[in-house]
Amino acid sequence: MMIESWNPPLLHDYSKLSRLQSNHDCSNDGVLMMEELELPMIDLNSLKSGDEREMIRCENAIAKASSEWGFFQVVNHGVSLELLRKMRKEQMKLFKAPFEMKATCGLLNNSYRWGNSTATCPKQFNWSEAFHIPLTKISEAASYGEFTTLREVMVEYATSMQDLAKSLASVLVRKLDHKDSEIGEICNENSCFLRLNHYPSCQISQEILGLVPHTDSDFLTILHQDEVGGLQLMKDSKWVAVKPNQNALIVNIGDLFQAWSNDVYKSVEHKVMANGKKERFSIAYFLCPSYDSIIGSCKERSIYKKFTFGEYRYQIQQDVKLIGHKVGLSRFLQ
């Protein structure tokens, strides 16, 4: 089956890996699958209501979901639904560009990627393409080429996500009895990212994943997904399918918040299923610190050694090179 000209050569690249390792099975990862569930839903209007009891109840719900699930959904989050629709429209237009243009024309700071260039076996291959863009680059007009209408929307989108992420991070810090400025001071646009994701429909969806199981390497991630679904997360040693809600944003805890909170908040493994009939779009915002920021536990008797974000990223890159996948926080246990 021919792949459309705007899609990357995913089948070709996957087939090369398959020939190198003929015995492979990517289905279900040997873990039981649960039914489709809704994540904890939190209405953020309560944070701005002026009612102290409502505010405390909302903050407690955020902390509880971060501890028990590592994931939750938010509504009345302050990001305009019209802005979300505009961003999705521009994103779809971008991914419909010819593959050669996306891969070679310097679009969005040369941030285009597809599949998994470091994969050593079929299980490590992603049926997806993405632009992974530093926030420092999204205002540069030269990065957009002919996609001039994307720039204004993306700048507004990034600003809204930055404000929401810092607000949520502040709540999580306060619930551990620390000053809410502690995370905000080290996380700014110089170190954060936007990732535009596209998962083309996949003719071999039974044997491949859209995005392989992983945890996020940041403090927290905010995700806007479409109605197609496919996101799954690990809950009680089972994969839980997340029911899509286009009006809600999904928030998940990253490795750095797990380390900083001394395992109070959980960075949970998640993946994206490939879809045989429909393509899927999502946008992720990653709240990250500067590379020289020291990540230490907020409590005494830390589970983890102190490390900088730069050291953590470097260790991940080395692990991926040597063994094909991320090891994560276990490298930094005391």
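Count residues from 1 along the sequence.
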Asker: Evaluate the side chain to side chain contact (heavy atoms under 4.5 Å, CB included) criterion for residues Ser261 and Leu172: first the C-alpha distance (whole Å), next the side-chain angles of each, then the deciding distance (0.1 Å), finally the verdict.
Answerer: CA-CA 9 Å; Ser261 69; Leu172 291 168; over 6 Å; no
Asker: Measure the shortest side-chain to side-chain distance between Asn275 and Ser205 over non-hydrogen atoms and say whether it is less than 4.5 angstrom.
Answerer: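 Not touching, per the 4.5 Å side-chain cut-off.
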Asker: Apart from Ile323 itself, which Ile, Leu, Val, Met, Phe, Trp or Tyr residues share its cluster (side-chain heavy atoms under 4.5 Å, direct or through members)?
Answerer: Leu322, Val327
Asker: Any chance the side chains of Tyr304 and Asn262 put a donor and an acceptor closer than 3.5 Å?
Answerer: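 The answer is no; no qualifying pair exists.
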Asker: Indicate yes or no: does Lys102 engage Glu129 in a salt bridge with an N to O separation below 4.0 Å.
Answerer: yes
Asker: When clusters are formed by joining ILVMFWY residues with side-chain heavy atoms under 4.5 Å apart, either directly or through shared neighbours, do Ile42 and Leu84 land in the same one?
Answerer: yes
Asker: Just by distance, no angles: are the side chains of Ser143 and Asn109 close enough, under 3.5 Å, to form a donor-acceptor pair?
Answerer: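 Judged by distance alone, the side chains do not pair up.
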Asker: Give me the one residue out of Phe332, Tyr291, Phe286 that meets ring-ring contact (aromatic ring centres under 6.0 Å, His included) with Phe309.
Answerer: Tyr291
Asker: Is there any salt bridge (charged side-chain N to carboxylate O under 4.0 Å, His left out) pair reaching into residues 243-262, and which pairs are they, with sequence neighbours excluded?
Answerer: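 Salt bridge (charged side-chain N to carboxylate O under 4.0 Å, His left out) check on residues 243-262 returns Asp255-Lys326.
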Asker: With a 4.5 Å limit on heavy-atom distance, are the side chains of Thr308 and Ile295 in contact?
Answerer: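 Thr308 does not reach Ile295 side chain to side chain.
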Asker: Do other residues, nucleotides or ligands put more than 12 heavy atoms under 6.0 Å from the CD atom of Gln318?
Answerer: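 Count over threshold, so yes.
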Asker: Can you find a side-chain donor-acceptor pair between Asn116 and Thr118 that sits under 3.5 Å?
Answerer: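 Present: a donor and an acceptor within the cut-off.
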Asker: What distance separates Phe257 CZ from Ser267 OG, expressed to the nearest 0.5 Å?
Answerer: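 Those atoms lie 11.5 Å apart.
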Asker: Between Asp13, Ile204, Leu209, which is the residue that forms a side chain to side chain contact (heavy atoms under 4.5 Å, CB included) with Trp127?
Answerer: Ile204
Asker: Dump the intermediate steps for ring-ring contact (aromatic ring centres under 6.0 Å, His included) on Trp260 and His178, then the final yes or no.
Answerer: CA-CA 11 Å; Trp260 189 87; His178 280 253; 5.3 Å; yes
Asker: His198 and Glu279: side-chain donor and acceptor closer than 3.5 Å?
Answerer: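 There is such a pair between these side chains.
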Asker: Step through it carefully: locate the ring centre of Tyr112, locate the ring centre of His132, and say whether they are under 6.0 Å apart.
Answerer: no
Asker: For atom CD of Glu82, is the number of surrounding heavy atoms from other residues, nucleotides or ligands below 6.0 Å larger than 12?
Answerer: yes
Asker: Take Glu59 and Lys175, measure what side chain to side chain contact (heavy atoms under 4.5 Å, CB included) needs, and give me the verdict at the end.
Answerer: CA-CA 7 Å; Glu59 290 187 344; Lys175 297 312 294 181; 3.9 Å; yes
Asker: Is there a donor-acceptor contact under 3.5 Å linking the side chains of Glu38 and Asn245?
Answerer: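 There is no such pair (donor and acceptor under 3.5 Å, judged by atom type) between the side chains of Glu38 and Asn245.
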Asker: Which residues pass the ring-ring contact (aromatic ring centres under 6.0 Å, His included) test with Tyr144, not counting sequence neighbours?
Answerer: none
Asker: Answer yes or no: is there a side-chain heavy-atom contact under 4.5 Å between Phe71 and Lys235?
Answerer: no
Asker: Do Gln124 and Thr120 have side-chain atoms, one donor and one acceptor, less than 3.5 Å apart?
Answerer: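 Short answer, yes.
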Asker: Working to the nearest 0.5 angstrom, can you tell me the gap between Glu54 CD and Leu47 CG?
Answerer: 10.0 Å
Asker: Going by the rule ring-ring contact (aromatic ring centres under 6.0 Å, His included), which residues pair with Trp69 if we only count those two or more places apart in sequence or in a different chain?
Answerer: none
Asker: Does Phe193 reach the side chain of Thr136, with side-chain heavy atoms less than 4.5 Å apart?
Answerer: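 No, their side chains stay 4.5 Å or more apart.
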Asker: A quick test of your reading: do over 12 heavy atoms of other residues, nucleotides or ligands sit less than 6.0 Å from CD1 of Ile294?
Answerer: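 Open: at most 12 neighbouring heavy atoms sit under 6.0 Å from CD1 of Ile294.
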Asker: Output, in order, the C-alpha distance, side-chain angles, deciding distance and verdict of side chain to side chain contact (heavy atoms under 4.5 Å, CB included) for Ile250 and Phe72.
Answerer: CA-CA 6 Å; Ile250 294 174; Phe72 56 94; over 6 Å; no
Asker: Run the ring-ring contact (aromatic ring centres under 6.0 Å, His included) test against Tyr314 and tell me which residues pass, sequence neighbours left out.
Answerer: none
Asker: Does atom NZ of Lys89 have more than 12 heavy-atom neighbours from other groups under 6.0 Å away?
Answerer: no
Asker: Would you please test Ile283 and Ile222 for side chain to side chain contact (heavy atoms under 4.5 Å, CB included) and show each step?
Answerer: CA-CA 8 Å; Ile283 307 173; Ile222 301 176; over 6 Å; no
Asker: Are there more than 12 heavy atoms of other residues, nucleotides or ligands under 6.0 Å from atom NZ of Lys96?
Answerer: yes
Asker: Mind listing the closest non-hydrogen atom pair of Leu17 and Ala119 along with its distance?
Answerer: CD2-O, 3.6 Å
Asker: Under a 3.5 Å cutoff, is there a donor and acceptor pairing between the side chains of Ser293 and Ser290?
Answerer: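 Present: a donor and an acceptor within the cut-off.
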Asker: Taking only residues two or more places apart in sequence or in another chain, which ones pass ring-ring contact (aromatic ring centres under 6.0 Å, His included) with Tyr199?
Answerer: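 For Tyr199 there are no ring-ring contact (aromatic ring centres under 6.0 Å, His included) partners, ignoring immediate neighbours.
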